[in-house]
Amino acid sequence: MISVRDFDFYYGDAKVLHGVSIDIPDRQVTALIGPSGCGKSTFIRSINRMNDIIPEARAEGTIAIDGKDVYAPGTDVVSLRRRVGMVFQKSNPFPKSIFENVAYGLRIGGMRNKRQLEATVERSLTRAALWDEVKDRLQESAMALSGGQQQRLCIARALAVDPEILLMDEPASALDPIATSKIEELIYELKDNYSIVIVTHNMQQAARVSDRTAFFMLGKLIEYGDTRQIFMNPKEKMTEDYVTGRFG
Amino acid sequence: MSARRRKIVSRVFETLCGMAVLIALIPLALILFYVVKEGAGALNLAFFTQMPKPVGEEGGGMANAIVGTLILIGLAALFAVPVGCICGIHLSEYPRSKFSSAVRFAADVMNGVPSIVIGIFAYGLAVLPVKRFSAIAGGFALGLLMIPIVIRTTEELLRLVPPGLREGALALGASRSRAVFGVIIPAALPGILTGILVALARVAGETAPLLFTSFNNRFWSTNLGQPIASLTVQVFTYAISPYDDWHRQAWAGAFLLVMMILALSIIARLAVRRLERMNRP
Amino acid sequence: MKRGDDRGFRLATGAVAGLVLLIVAGIAFELTRQSWLSIGKFGLSFWTTKVWDPVSGEFGALPFIWGTLYSSVLALALATPIALGIAIFITELSPRWLRQPLSYLTELLAAIPSIVYGLWGIFVLVPIVRKIEIALGAKPALGVGMMAAALILAIMVIPFTSSVAREILKNVPSTQREAAYALGSTRWEAIKVAMSYGKSGIFGAVMLGFGRALGETMAVTMVIGNSPRVSLSLYAPQYTMAAVIANEFTEAADELYLHALIEIGLLLFIITIIINGLSRLLIWRMKNV
């Protein structure tokens, strides 16, 4: 479970997240929705501290995973990122073979045994619903795959290191409808084993895929609840305006 | 490998990269230090005003070499600037033609050819037929070295001019040449001038191709058809000689060269800034 | 009227541009023409003969080819890790305010003329190298020789390789590093991912440095000892192609001698074209992938 309490985030002097508090449950899909610039991407990237890379970024408050605050001083960020995997908006496979892409996280973790590597790679690709399509060409370059396949490869790559949580930042926004529905099916299958947090600007997608939905606006968490409730019976007026399409 | 060990490895390599920077800066510091220490100390009025003394005699200067270098780079510019600029103009106006690709490749080849080989070419064309070393041959060799640099900077800078400017001029009915010379070149002029100055600074420091084109001259000469002294060749001659006084003067010459190159780079940078300020409305 | 103007413009500027093509062809032609006597007399054995004896008219270029390749390879071995380290530091590790000054300082190394390197080489580097050779037990310890040449070439090559490698690294998309970090990579592991992405361009940068070292004349001739010899010894004075041309061109008493020297120049021309061409290809492929 991810417990966020009074989380503020700054880029330099600009405050982009205001006092976010939310409990994200295990083994469910939680969708973050909201208009452009509302902070949902910044929030999701704070969970695995990817924002650390940005020079002027600063966080206050706590994000606790299974009770331990990831922003506590002395946190091992490298280990954190193995427990919390991430898939990006535009797929970013390494210019290596399909096999080596999935094996990357395993290799830097120290796995050297060839059979172990092959088994883990196969398992990850199967979980990402890509194995059948690539099993005969694992040594080919990942760049030769289609956009949708590349994104599933990135998912497989993230799954290979056996995370508990999978963060997905608009994973299907660069894909065509068929590839998108494949990704959505995949998310549905994955939630049995992983906690998934997905950022999406596509409300229908959020409605299709998630169990819980959080609505952000201007850096604040406006409403959070069961997906059906958020879309059918929103409590806040702003939520209602957004989900009925009154503003984008 | 545990996460902790990986992080230690990461720190070690990051430190090594930092050390690489320091290692590279050491020779830089040493060279500049010695050039300034030995060279600045050896500079005196005689250096600038007198001719080399006969072998073994103390004193004298490099007046002829200083003037010689200036003449040589002047000749080089005369040759390289028109050819290089016009070529750069053609490449930027017709960037995708097969001809332009071939020319660009040829310019790249010219850029990579060692300067001594260019010197042999200049020797064959400008020295052999008249059986005489000359300033013109030296200027020709240096000009050849300058051409690819001028081509590249001219082309790059003309490309940077906003396309709206070119389209605007052409839309108003201007011919290609009007558009280029009237509008585009003035816009890119600061950058082109910098490119020329930078190229001049580079060839001012060349020695190898001059060894058998402009050769050297112990006496004062501004005759373009005769061998001419140059700072670089003079420094070389003095450096490999057995005389301490000549070594001292070699350092002075080196110091002057480095100062000249520094001055040209600074002027280039300042000129760009001033012209850019002028061009901005 | 405008049409004619435009055509005239294109032809006129094209004619000048064509001069460049003419010059390159001219260089190849002149070098071959002016080495004809030597090519004719010695043929292929020119490249494999060790003897360089102007007095008896026996000319073999092997010692110079050896000296050039040996000194350049050594220089590359020394310069490449440092140049790449600098490139990595400036693009990945250094704080933002330090980047400009550091790049400027490395460019400064490239701006120093070869003759100044040579002068410094004779009076500062060679004495240091001699002390090192004495400490290592070399006999005789002259200071001039392969070690000094490799060192000075390495210093001269560093800024070239480094600035191209820097450009390559700058152009690696940040999403690559992000992917690496998201999988729990350390800083160095993420840098390795970036380097791997840019590896053909980086290889091109190294080749560029190699080409630079091959053609360097003045600094090398002032510290290498100028003695033709095929030897693995780091202490022995040796000779390079560019150096022998520089030193003996104006001394060449007869035509065969001159032609032999020019034939060496022809080889240098061909080698540097190949190396530089390869390097540009690799870098261009990197930018257009």
Side-chain angles (χ1 to χ4, degrees), chain B residues 6-7 9-10 13-14 16-18 20-21 23-25 27-28 30-31 34-35 83 86-87 89-91 93-94 99 102-103 106-110 112-117 120-121 124-125 144 147 151 175-177 205 207-208 211-212 232 235-236 239-240 247 250-251 254 257-258 261 265, chain C residues 2 5-6 9-10 13-14 16-21 23-24 26-27 30-31 34 81-82 85-86 88-89 93 102 105-106 108-109 111-120 122-124 155 158 186-189 211 214-215 217-218 222 242 245-246 249-250 262 265 268-269 272-273 276 280:
Chain B
R6 283 162 55 202
K7 281 196 255 187
V9 167
S10 182
F13 277 101
E14 292 172 46
L16 284 177
C17 289
V21 175
I23 293 180
L25 291 181
L28 178 67
L30 277 177
I31 294 174
Y34 274 97
V35 167
V83 173
I86 296 182
C87 183
I89 291 172
H90 184 94
L91 290 181
E93 288 294 307
Y94 311 100
F99 178 67
V103 171
D108 258 345
V109 167
M110 265 184 88
V113 171
S115 61
I116 193 152
V117 174
I120 299 179
F121 177 60
L125 246 59
L144 288 170
I147 286 178
I151 293 178
S175 65
R176 242 343 141 118
S177 50
T207 318
L211 291 173
F212 35 83
T232 46
V235 168
F236 177 56
I240 58 177
H247 294 170
W251 280 111
L257 257 178
V258 171
I261 292 176
S265 320
Chain C
K2 187 175 154 215
D5 236 18
D6 284 356
F9 178 78
R10 186 169 189 159
T13 54
V16 175
L19 260 182
V20 176
L21 291 171
I23 291 175
V24 173
I27 297 178
E30 262 303 294
L31 286 174
Q34 296 289 352
I82 298 181
I86 296 176
I88 293 174
F89 187 80
L93 301 170
L102 279 182
L105 284 175
T106 22
L108 217 57
L109 267 177
I112 298 178
S114 167
I115 181 76
V116 174
Y117 271 106
L119 186 67
W120 179 81
I122 294 185
F123 294 119
V124 180
I155 301 173
I158 287 174
T186 57
R187 204 108 177 255
W188 181 247
E189 285 159 355
L214 290 174
T217 314
M218 300 317 292
M222 288 161 93
I245 299 174
F249 202 87
T250 46
I262 297 183
L268 199 55
F269 178 63
T272 45
I273 287 190
N276 283 315
R280 299 260 167 220

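Each chain gets a letter, A, B and so on, in the order its sequence line appears, and its residues count up from 1.
In this structure the side chain of B:Pro27 never reaches within 4.5 angstrom of the side chain of C:Tyr117, judged on heavy atoms. Contact of the C:Ile112 side chain with the B:Val35 side chain is not registered, since no non-hydrogen atoms from C-beta on lie closer than 4.5 Å. Counting heavy atoms from C-beta outward, C:Pro113 and B:Ile261 have side chains that approach closer than 4.5 Å. Contact of the C:Leu105 side chain with the B:Leu25 side chain is registered, since non-hydrogen atoms from C-beta on lie closer than 4.5 Å. Between B:His90 and C:Arg10 the shortest side-chain heavy-atom distance falls below 4.5 Å.
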Starting from the C-alpha separation in whole Å, work towards a yes-or-no answer on side chain to side chain contact (heavy atoms under 4.5 Å, CB included) for B:Met110 and C:Val24. CA-CA 7 Å; B:Met110 265 184 88; C:Val24 173; 3.7 Å; yes
Go through it in stages, so that I can follow the logic: the residues are C:Thr250 and B:Leu211, the test is side chain to side chain contact (heavy atoms under 4.5 Å, CB included), and I'd like the CA-CA distance, side-chain angles, deciding distance and then a yes or no. CA-CA 8 Å; C:Thr250 46; B:Leu211 291 173; 5.8 Å; no
Let's go through C:Leu31 and B:Ile120 carefully: what are the C-alpha distance in whole Å and the side-chain angles of both, what is the deciding distance for side chain to side chain contact (heavy atoms under 4.5 Å, CB included) to 0.1 Å, and is it a yes or a no? CA-CA 8 Å; C:Leu31 286 174; B:Ile120 299 179; 3.7 Å; yes
From CA spacing to verdict: side chain to side chain contact (heavy atoms under 4.5 Å, CB included), C:Phe9, B:Ile89: CA-CA 10 Å; C:Phe9 178 78; B:Ile89 291 172; 3.8 Å; yes
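Shown here for B:Lys7 and C:Thr186, the closest heavy-atom pair between the two residues is CG-CG2, 3.8 Å. Pairing each heavy atom of B:Cys17 with each of C:Leu93, the nearest pair is CB-CD1, 3.9 Å. Scanning both residues, B:Phe99 and C:Leu21, for their nearest heavy atoms gives CE1-CD1, 3.7 Å. Between C:Val20 and B:Ala107, the shortest heavy-atom distance links the atoms CG1-N, 3.9 Å. Here the shortest heavy-atom pairing between B:Ala254 and C:Val116 reads CB-CG2, 4.0 Å. The shortest heavy-atom contact between B:Gly124 and C:Gln34 is CA-NE2, 4.5 Å.
Among the candidates C:Gly85, C:Pro81, C:Gly18, C:Gly118, the residue making the largest number of heavy-atom pairs closer than 4.5 Å to chain B is C:Gly85. Of the residues considered (C:Ile262, C:Ile158, C:Val124), C:Val124 shows the highest number of contacts with chain B, using heavy-atom pairs under 4.5 Å. Chain B forms the most heavy-atom pairs under 4.5 Å with one residue out of C:Ile273, C:Leu102, C:Leu109, C:Leu19, and that residue is C:Leu109. Counting heavy-atom pairs closer than 4.5 Å to chain C, the top-ranked of the candidates B:Asp108, B:Leu91, B:Val113 is B:Asp108.
In this structure, CD on B:Glu93 lies 8.0 Å from OG1 on C:Thr13, to the nearest 0.5 angstrom. The CE atom of C:Met222 lies 7.0 Å from the CD1 atom of B:Ile240; values are rounded to the nearest 0.5 Å. The CG atom of B:Leu257 sits 8.5 Å away from the CD1 atom of C:Ile115 when rounded to the nearest 0.5 Å. One finds the CD1 atom of B:Ile116 at 4.5 Å from the OG1 atom of C:Thr217 (value rounded to the nearest 0.5 Å). Atoms CD1 and CD1, from B:Ile23 and C:Ile82 in turn, are 4.5 Å apart once rounded to the nearest 0.5 Å. Atom-to-atom distance recorded for C:Leu119:CG and B:Tyr34:OH is 12.0 Å, nearest 0.5 angstrom.
Contacts of B:Val258 with chain C are made by side-chain atoms alone, with heavy-atom separations under 4.5 Å and no backbone atom involved. Looking at B:Val109, the atoms closer than 4.5 Å to chain C (heavy atoms on both sides) all sit in the side chain, from C-beta outward. Only the side chain of C:Ile88 comes within contact range of chain B, with heavy atoms under 4.5 Å apart. Of the atoms belonging to C:Arg280, it is side-chain heavy atoms, and not backbone ones, that fall under 4.5 Å from chain B. Both the backbone and the side chain of B:Glu14 have a heavy atom closer than 4.5 Å to some heavy atom of chain C. For B:Phe236, the parts sitting under 4.5 Å from any heavy atom of chain C are the backbone and the side chain alike. Only the side chain of C:Ile155 comes within contact range of chain B, judged by heavy atoms closer than 4.5 Å. C:Leu214 does not touch chain B: none of its heavy atoms, backbone or side chain, sits under 4.5 Å away. Contacts between C:Ile122 and chain B at a heavy-atom distance below 4.5 Å involve the side chain alone, from C-beta outward.
The aromatic rings of C:Phe123 and B:Trp251 sit tilted relative to each other, their planes meeting at an angle between 30° and 60°.
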